[in-house]
Amino acid sequence: GDSVTQMEGPVTLSEEAFLTINCTYTATGYPSLFWYVQYPGEGLQLLLKATKADDKGSNKGFEATYRKETTSFHLEKGSVQVSDSAVYFCALQGAQKLVFGQGTRLTINP
Amino acid sequence: GAGVSQSPSNKVTEKGKDVELRCDPISGHTALYWYRQRLGQGLEFLIYFQGNSAPDKSGLPSDRFSAERTGESVSTLTIQRTQQEDSAVYLCASTPLGVGLIYNEQFFGPGTRLTVL
């Protein structure tokens, strides 16, 4: 069945560092891909999405490119801020349901 | 309302008791989803409603779990004879779009944290 694998956390970086959180997937067909973010004490929010191969999703300085050849959707940000501290989930849209990775906890130190 | 709401926000119960968790989706959203998030883990799909029918119940972990939905509004997730392994955050999401579309953004509620003692 469909599955998503994320790099294990926790990840701790200093402010202004470069961020990459790896995500790979297994799916039949061509699913839509998502990154969701869960800030401390808040609900899950959509961060960005890509619906077809080579699409690049972007939001709040974060980017991820849908790579069909490597079945990947890695999340990147050039310069992280303390406010980016959260848990990040990679997900794919299966048959009417989202399939999530296990989440990566990111902590940014000032 | 402005977003998906869930109640209660926290529920502590004793092993063996039944619990009901409620979800109010965004008005007009036809599809509704329940997920479970165990501590330190990703979200597990439980069940999906299109209107008041449930085409996919494949994620319900056992027959102690059931859910229903009234029309295109509120849904209730019921867990009977709760066990300690049921402790988790239960998340509800809704989407305005119907079946068969490529992209369905799901809007999540804040969740219900269930603790079974």
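A note on names: the letters A, B, ... follow the listed sequences, proteins ahead of strands, and every chain is numbered from 1.
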Under 4.5 Å from any heavy atom of chain B, what part of A:Gln45 do you find: side chain, backbone, both or neither?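 Neither; nothing under 4.5 Å.
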
Non-hydrogen atoms of chain A under 4.5 Å away: do they reach the side chain of [X], the backbone, both or neither?
{"X": "B:Phe107", "result": "neither"}
{"X": "B:Ser9", "result": "neither"}
{"X": "B:Gln6", "result": "neither"}

Looking at [X], I want to see if its [atom1] is surrounded by more than 12 non-hydrogen atoms of other residues, nucleotides or ligands under 6.0 Å.
{"X": "A:Glu16", "atom1": "CD", "result": "no"}
{"X": "B:Glu68", "atom1": "CD", "result": "no"}
{"X": "B:Leu39", "atom1": "CG", "result": "no"}
{"X": "A:Glu8", "atom1": "CD", "result": "no"}
{"X": "B:Glu85", "atom1": "CD", "result": "yes"}

Interatomic distance, B:Gln106 atom CD to A:Phe34 atom CZ [nearest 0.5 angstrom]: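 Between B:Gln106 CD and A:Phe34 CZ, I get 7.5 Å after rounding to 0.5 Å.
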
Rounded distance (nearest 0.5 Å) linking atom CD of A:Gln38 with atom CG of B:Leu91: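 It is 7.0 Å, given to the nearest 0.5 Å.
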
In this structure, would B:Leu60 and B:Tyr90 fall into the same cluster of hydrophobic residues linked by side-chain contacts under 4.5 Å?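 Per the 4.5 Å side-chain linkage, B:Leu60 and B:Tyr90 are co-clustered.
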
Single-linkage hydrophobic cluster B:Leu114~B:Phe108, side-chain heavy atoms < 4.5 angstrom: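 No; B:Phe108 is not reachable from B:Leu114 via cluster members.
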
Using side-chain heavy atoms (C-beta onward) and a distance below 4.5 Å, is A:Phe89 in contact with B:Leu43?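 Sidechains of B:Leu43 and A:Phe89: in contact.
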
Do side-chain atoms of B:Tyr35 reach the backbone of A:Leu98 as a donor and acceptor pair under 3.5 angstrom?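 Side chain of B:Tyr35 to backbone of A:Leu98, a donor-acceptor pair under 3.5 Å: yes, one is there.
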
Can you tell me which residue among B:Asp56, B:Leu46, B:Ile47 is in a side-chain contact (heavy atoms from CB on, under 4.5 Å) with A:Lys97?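 Output: one option passes, namely B:Asp56.
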
